[in-house]
Amino acid sequence: QVQLVESGGGLVQAGGSLRLSCAASGIVFSNARLDWYRQTPGKQREFVASITSGGSTNYADSVKGRFTISRDNPKNTLYLQMNSLKSEDTAVYYCHTNLALNYWGQGTQVTVSS
């Protein structure tokens with residue numbers, strides 16, 4: 001059974017930092033491409049960042065230079081370091097992987113106050 005559990009969200013002032021974590025189980029973590037998405041009320045879920053099994057990364061233009069995705073394979077954990085946060089980064093952040101089926105975590109709320 002695949003499980004993705006996000007943590008690390010919270011309330012932060014604009015310009016501040018947060019680090020999100022996603023603990024994975026039920027998958028061969030080291031082989032998986034993993035992503036972060038985010039969603040605000042009334043909008044579609046949007047791509048934030050991805051990391052391949054080989055460590056190659058990709059970012060949405062809106063977060064490039066501010067966010068860093070990384071993975072710790074021995075710990076089966078995905079991270080998203082978010083710096084220079086802006087009010088428009090406020091959203092629920094989701095961990096995602098696709099293994100023939102799409103798997104999502106429950107999400108963690110990030111609120112950036114201006």
How far apart are the closest heavy atoms of [X] and [Y], and which atoms are they?
X	Y	result
S84	S17	N-OG, 4.4 Å
S53	S30	CB-O, 3.2 Å
L18	G8	CD2-O, 3.8 Å
G16	V12	CA-CG2, 3.9 Å

How long is the straight-line distance from [atom2] of [Y] back to [atom1] of [X], given to the nearest 0.5 Å?
X	Y	atom1	atom2	value
F47	D35	CZ	CG	6.0 Å
Q109	R38	CD	CZ	12.0 Å
S25	Q1	OG	CD	7.5 Å
T52	L34	OG1	CG	9.5 Å
C22	Q3	SG	CD	10.5 Å

* **Check: I69 main-chain N/O paired with Y59 side-chain donor or acceptor under 3.5 Å** => yes

* Check for a donor-acceptor pair, side chain of R71 on one end and backbone N or O of R33 on the other, with a separation under 3.5 Å. => no

* Those residues that, when tested against R19, pass side chain to side chain donor-acceptor pair (under 3.5 Å) (two or more places apart) -> none

Are [X] and [Y] close enough that some pair of their side-chain heavy atoms sits under 4.5 Å apart?
X	Y	answer
M82	D89	no
C95	W36	yes
T40	T90	no
F67	L85	yes
R45	H96	no
L78	L80	no
E6	Q106	yes
S21	K75	no

Any chain of hydrophobic side-chain contacts (each under 4.5 Å) joining [X] to [Y]?
X	Y	value
L4	V92	no
I51	Y94	no
V63	Y37	no
W104	L20	no
V2	F29	yes

* Pair K64 + D61: basic N to acidic O under 4.0 Å -> yes

